[in-house]
Amino acid sequence: MNRVLTVVVLNKAGVLHRVTALFMRKALNIQSITVGATEVEGLSRMTIVISDIDERGIEQAIKQLNKQVDVLKVSDITEEPIVARELALIQVNSPVQTRAVLSTLIEPFRASIIDVGRETVTVQAIGKPEKVDALISLLRPYGIKELARTGATAIRRDVETMFEVARVSKANVLPI
Amino acid sequence: MKPFYHSKKGGRFIDMGAQVEIKAKAAEQSHRQMTGAEMLVEVLRRESVEVLFGYPGGVVLPLYDVLYECEIPHILARHEQGSIHAAEGYARVTGKTGVVISTSGPGATNLVTGLADAMMDSLPIVAITGQVATSVIGSDAFQETSIIGVSTPVTKHNFQVRSVDQLPRIMKEAFHLASTGRKGPVLVDLPKDVILSVGEFDYDEEVSLPGYQPTTVPHILQIRKLLSAIQAAKKPVILAGAGVLHAGASCELLHFVEKTQIPVVNTLLGLGSIPGQHPLCLGMGGMHGGYTANMAMYEADLLINIGARFDDRLTGNLKHFAKHAVVVHIDIDPAEIGKNVETHIPIVGDAKSALQMLIDEADGSANTAEWLDRIRRMQSEFPFWYRQDDSTLKPQRVVEMVHELTYGDAIIVTDVGQHQMWAAQYYPFAKPGHFVTSGGLGTMGFGLPAAIGAKLGKPEKCICAILGDGGFQMTLEELAVLKDYHLPVKVLIFNNFALGMVRQWQELFYGERYSESLLPFQPDYVKLAQAYGMEGYCVKTESELLPVLKEAFANDEPVIVDCRITKEEKVFPMIPAGRGIHEMVGVQP
């Protein structure tokens, strides 16, 4: 099963290497990893998705991460209320005659065309990783020339807002 | 200025007493302009470093130039690997941080085995490596290696100093990290331009490592849980590991054990944490441990691990290990708890604090009379055994002789293999810090240099290096150091013309196919000793060995004794690979 970890680290040279080296030692495959700044200067947040890992494996990985001097906080947020988003840039074959179809196709995904070429368009999609997966499989028949995904970045939901959202969404039915 | 004085026979004597003035001098130096090299030396003074192990080279030339007139003795090993193993030996017997210096590139990579060894055995080491100048890092400059990349998995932490202003803070953090929490090796990489440039020396600021706050005091509720488990237990056993020694908790362990009457099994590296001849000490457990020690862990209904990490050489097949027991694990490193063995009562903290809390809270003796009876019966029925034979020299007997002739007061340093196991089995360690051996990594070649470090750490002690012929030949270049610095280490080579442990496994499990495990050609160790300016002996029987050992332990000279033992002698009992702790073979003759 995939696990999602967030790791708050000092923003220093070599920290990424220390973190990934731990996964390498335990022969774990990193599905995706994103790193960026946090609200505190000098700290970065990593969102790491690890594939095929059992309870024991993730527990060990977390403990080893915690031992790292440059790591401040590790959380396994897999089973927590989180919002996770990913950005994908998809360059799709698109001769002029299919272009309108394509636009209709991506519209429900709130994706947009950000670059247009003679034979291709580049689609930008942002959403949950599963949603991005779905869009990609829909676009595949048209011929994907290149694909770049950032991997998921995630943050815990504010629990109070979450209840609010749940209440509202029950009324409105529209999934986010 | 140099703390060496020359002996009549040549060689340097080290005056460790020169250290007293160092601290007084240190106070004057704050906020002064200094070069990186001067700063480093000033840090070593502030950290009360007694001795440096190292080897010079290109980029560290400016550092060695400052060391030329530094009062801290520098021991010039003959190989960088020797220098770091010596630092490990020093750290092991003193509990202080061992400091090692090397140059960039090959100098740094030659430290890697020692770093890995210190990492596995949690020894406090600060390794200072030179690096090419910051302007050429990454350009494949002469003697450049990315030692930060190479050493990351085998160090507790490492640093590259990018500017001279960072140097004092980083060094302070390095010493702090190496010597606190779960101790370990820390590497500081110093580019040449940093060594040379000038900055302000400020060593007063506190260490600020927000990501490093080891828990040392355990939670009282967990301690109480353990005490009620003890009350409920009928067959409790303590497993005491190196954590007890690192925490300096031997007195507390003894007190707790005597109060509760719970028997103690030691790990290899935990030997000496409780007196070896104490009635409640069952000796070493594990692959070549005692039958009673292993059966006690197998049958136990409560296993209290204090500062051990349930290494596979101890547990045997995990399916059978302590399967009837409530498992308690006291460890300063939370990552060790539950790593190998499912733990019912985890206690994160330093062994000394935990034991002190246990002593304070414990009501009295556990109900162990019946259990101890069973253990005594096993002990008398299944002691360690070997067949005595006057025509050959028995390695087990040699260990016993060393124990008798030194009144159990010698510090025993070993290499890795059969001789290491015989030393662990037959030398009852009475006190902590008297056994120096490479446990987790099992580094052949560790013994001789580690003995050098041990002697420097404890100059008043008799240091007896028990080595195999294989491991000795891996680092025998360090013999020069014995004579150079007048370090009267007694080197006993258990010479069976083979890599004994490999040979033993091939005999037992590989149909006697001795693939590359025999060493039919050996140098003449007597002549080798003479070549290095020391006495050498070759002995083939106990009666030949006795006078040699008596003479060796009485004088103040290094010596090499080539003890010819038979190839066929095996280490027993043993747990064959993949078997459970209760499935030992060779338990009885």
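Computed over heavy atoms, backbone and side chain alike; hydrogens, waters and symmetry mates excluded. To find a chain, count down the sequence lines: A is the first, B the second, and so on, and within it residues start at 1. Because the structure is predicted, anything quoted here is derived from the model rather than measured.
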So, taking the atom named [atom1] in [X] and the one named [atom2] in [Y], what distance separates them when rounded to the nearest 0.5 Å?
| X | Y | atom1 | atom2 | answer |
| --- | --- | --- | --- | --- |
| B:E336 | A:K63 | CD | NZ | 9.0 Å |
| B:Y212 | A:K67 | OH | NZ | 10.0 Å |
| B:Q213 | A:N66 | CD | CG | 11.5 Å |
| B:T155 | A:R18 | OG1 | CZ | 7.0 Å |
| B:K339 | A:E59 | NZ | CD | 12.5 Å |

Please check if atom [atom1] in [X] has more than 12 non-hydrogen atoms from other residues, nucleotides or ligands closer than 6.0 Å.
| X | atom1 | answer |
| --- | --- | --- |
| A:K26 | NZ | yes |
| B:D140 | CG | no |
| B:H344 | NE2 | yes |
| A:K73 | NZ | no |
| A:R25 | CZ | no |

Review point. Looking at B:I148, B:N158, B:I337, which one has more heavy-atom pairs under 4.5 Å with chain A than the rest?
Key: B:N158
Check your understanding: With a 4.5 Å limit on heavy-atom distance, are the side chains of B:H157 and A:D70 in contact?
Key -> yes
Check your understanding: Of all residues at least two apart in sequence or in a different chain, which pass the ring-ring contact (aromatic ring centres under 6.0 Å, His included) check with B:F310?
Key ->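 B:F310 satisfies ring-ring contact (aromatic ring centres under 6.0 Å, His included) with B:F321, B:H329 once adjacent residues are dropped.
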Point to revise | Polar side-chain atom of A:Q64 near backbone of B:A335 as donor-acceptor pair, under 3.5 Å | key: no
Practice item. For chain B, find which of A:V69, A:I62, A:V9 contributes the most heavy-atom pairs closer than 4.5 angstrom. Key: A:V69
Review point. What closest approach, in Å, do B:P210 and A:L10 show between heavy atoms, and which atom pair accounts for it?
Key: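 Heavy atoms only, the tightest pair is CG-CD2, 4.5 Å.
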**Study point:** B:D333 versus chain A, the contacting section by heavy-atom distance below 4.5 Å
**Key:**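 Contact with chain A: side chain only.
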Check your understanding: Given a strict heavy-atom distance threshold of 4.5 Å, which part of B:R162 is in contact with chain A: side chain, backbone, both, or neither?
Key -> neither
